[in-house]
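Here the structure is laid out as structure tokens; the discussion comes afterwards.
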Protein chains: 2
Amino acid sequence: MSKIKETSTNFANKQALADECPEAYAANIIGGQWALVICSWLFNGKLRFGELRKLLPNITERMLTLQLRKLEEHKIVKRTVYAEVPPRVEYELTAIGYELKPIIKQLEEWGAKHKAQNIN
Amino acid sequence: MSKIKETSTNFANKQALADECPEAYAANIIGGQWALVICSWLFNGKLRFGELRKLLPNITERMLTLQLRKLEEHKIVKRTVYAEVPPRVEYELTAIGYELKPIIKQLEEWGAKHKAQNIN
DNA sequence: TAAGGTACTATAAAAAATGTAAGTAATGAG
DNA sequence: CTCATTACTTACATTTTTTATAGTACCTTA
């Protein structure tokens, strides 16, 4: 992913915030550029790497990999590799990942409402 | 805030995502390092700049300003300046900003649960 | 005259996130 | 042998976000 500098002020601040504020902790986990959208697609069921890539037309393979790895690391998604050639890898939400569904749905509703309000 | 390069791929991607996915749109608005926590404090009522700064011990004045400006720009918070000396500026949530409360609360609950689960 | 308090701004630098382009392994099809 | 397929990885470049540090204007009080 690129290593985070554990000596940086930024790292210390994130740590401290995440310790005290579960909402900041959560934001760190699902806060990537594509994380929420990836989760949204996965709410409908498991998907292969290539399927996700097609669903997210502008994402690069690198970013897709990075985001999936981060999500996996935080136990939001489960990765299953099938020993085939060409390879097949499937991603699906874990139980705790799936629990994001109502939250993301509400966030969608809020976003849609906000967007409608701020059209000039 | 620093200008965003409207010619960058990153900008284009964010735009496209925000257009299609209200949840990505929302994440762009409340996605800064401190935004959620600022909102959390403001759910309890209006606060002055200096009060917020004290509540967020590690934030720099610059970051606080930037985040508040962004929130203000998106109509999440309302800024009121009193023509006094020394100056007094109060921040409070708008109606749509206040509507984030249940969402952030759920995110907090999710975060707390996730954190508890992932203690080794 | 000087100091103090408040809410900032300016500038630079560091760190983090994202994007670009190329390459890899394994195997089956032709 | 060569090519295609899939899910990556790597090295590097660019962009965005965050931090650091030092100011500013204003009026009041001492």
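Values reported hereafter were calculated over all heavy atoms of this structure, with side chains retained and with hydrogens, waters and symmetry mates removed. Naming convention: chains lettered A, B, ... in sequence-line order (proteins, then strands); numbering from 1 in each chain.
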Do E108(A) and S40(A) have side chains that get closer than 4.5 Å, going by heavy atoms? yes

Consider the side chain of R48(B), meaning its heavy atoms from C-beta on, and name the nucleotide among dT16(D), dA7(C), dT18(C) that approaches it most closely. dA7(C)

Euclidean distance, atom CG of residue L64(B) to atom C1' of dT6(C) [Å, nearest integer]: 13 Å

How many Å lie between CZ on R53(B) and P on dT19(D), as a whole number? 16 Å

Where the side chain of P87(A) is defined as all heavy atoms beyond and including C-beta, which of dT18(C), dA7(D), dT18(D) is the nearest nucleotide? dA7(D)

Does dA7(C) have OP1 or OP2 sitting under 4.0 Å from an N or O in the side chain of R79(B)? no

Below 4.0 Å: OP1/OP2 of dT17(D) and any side-chain N or O of K5(B): no

By the 4.0 Å heavy-atom rule, please label T9(A) as base, sugar-phosphate, or nothing. sugar-phosphate

Please classify the nucleic acid contact of Y91(A) as base, sugar-phosphate, or nothing, using heavy-atom distances under 4.0 Å. sugar-phosphate

Between N13(A) and F49(A), which is nearer to the 5' end of DNA chain D once each is assigned its nearest nucleotide? F49(A)

Mind checking whether Y91(A) and F49(A) have parallel, tilted or perpendicular rings, split at 30° and 60°? tilted

Rounded to whole angstroms, how far apart are CD on E6(B) and C1' on dT16(D)? 14 Å

Path from V77(B) to Y82(B) over hydrophobic side-chain contacts below 4.5 Å: no

Between atom NE2 of H74(B) and atom CD1 of I30(B), what is the distance when rounded to the nearest 0.5 Å? 11.0 Å

dT6(C) base / R88(B) side chain donor-acceptor hit below 3.5 Å: no

Under-4.0 Å side-chain N/O to phosphate OP1/OP2 contact, Q67(B) with dT18(D): yes

Keeping W34(B) on the side-chain end and L68(B) on the backbone end, is there a donor-acceptor pair under 3.5 Å? no

Atom-pair distance (CG on L47(B); P on dT6(C)), nearest Å: 15 Å

For the side chain of I4(A), starting at C-beta, report the closest nucleotide among dT18(D), dA17(C), dA7(C). dA17(C)

I want to verify a distance call: between dT18(C), dT18(D), dT9(C), whose nearest atom is closest to the M63(A) side chain? dT18(C)

Rounding to a whole Å, what distance do you find between R69(B):CZ and dT18(D):C1'? 17 Å

Quickly work out the Q15(A) CD to dA16(C) P distance and round it to whole Å. 12 Å

Pick the closest DNA chain C nucleotide for N58(A) and for E90(B) by heavy atoms, then say which residue is nearer the 5' end. E90(B)

Would you say K54(A) places a side-chain N or O within less than 4.0 Å of OP1 or OP2 belonging to dT6(D)? no

Using the side-chain heavy atoms of N10(B), tell me which of these nucleotides is nearest: dA7(C), dT9(D), dT18(C). dT18(C)

When K14(B) and L68(B) are each assigned the nearest nucleotide of DNA chain C, the 5'-most assignment goes to L68(B)

Among the nucleotides dT9(C), dA11(D), dC26(D), which one has an atom lying closest to any side-chain atom of R62(A)? dA11(D)

Rounded distance (Å) that lies between atom C1' of dT6(C) and atom CD of E84(B): 11 Å

Over how many whole Å does the gap from L17(A) atom CG to dT19(D) atom P extend? 9 Å

Within less than 4.0 Å of OP1 or OP2 of dA16(C), is there a side-chain N or O belonging to S8(A)? yes

On DNA chain D, does the nearest nucleotide to T65(A) precede the nearest nucleotide to V85(A) from the 5' side, or the other way round? Give the residue. V85(A)

What is the ring orientation for Y25(B) with H114(A), classed by angle as parallel under 30°, tilted 30 to 60°, or perpendicular over 60°? tilted

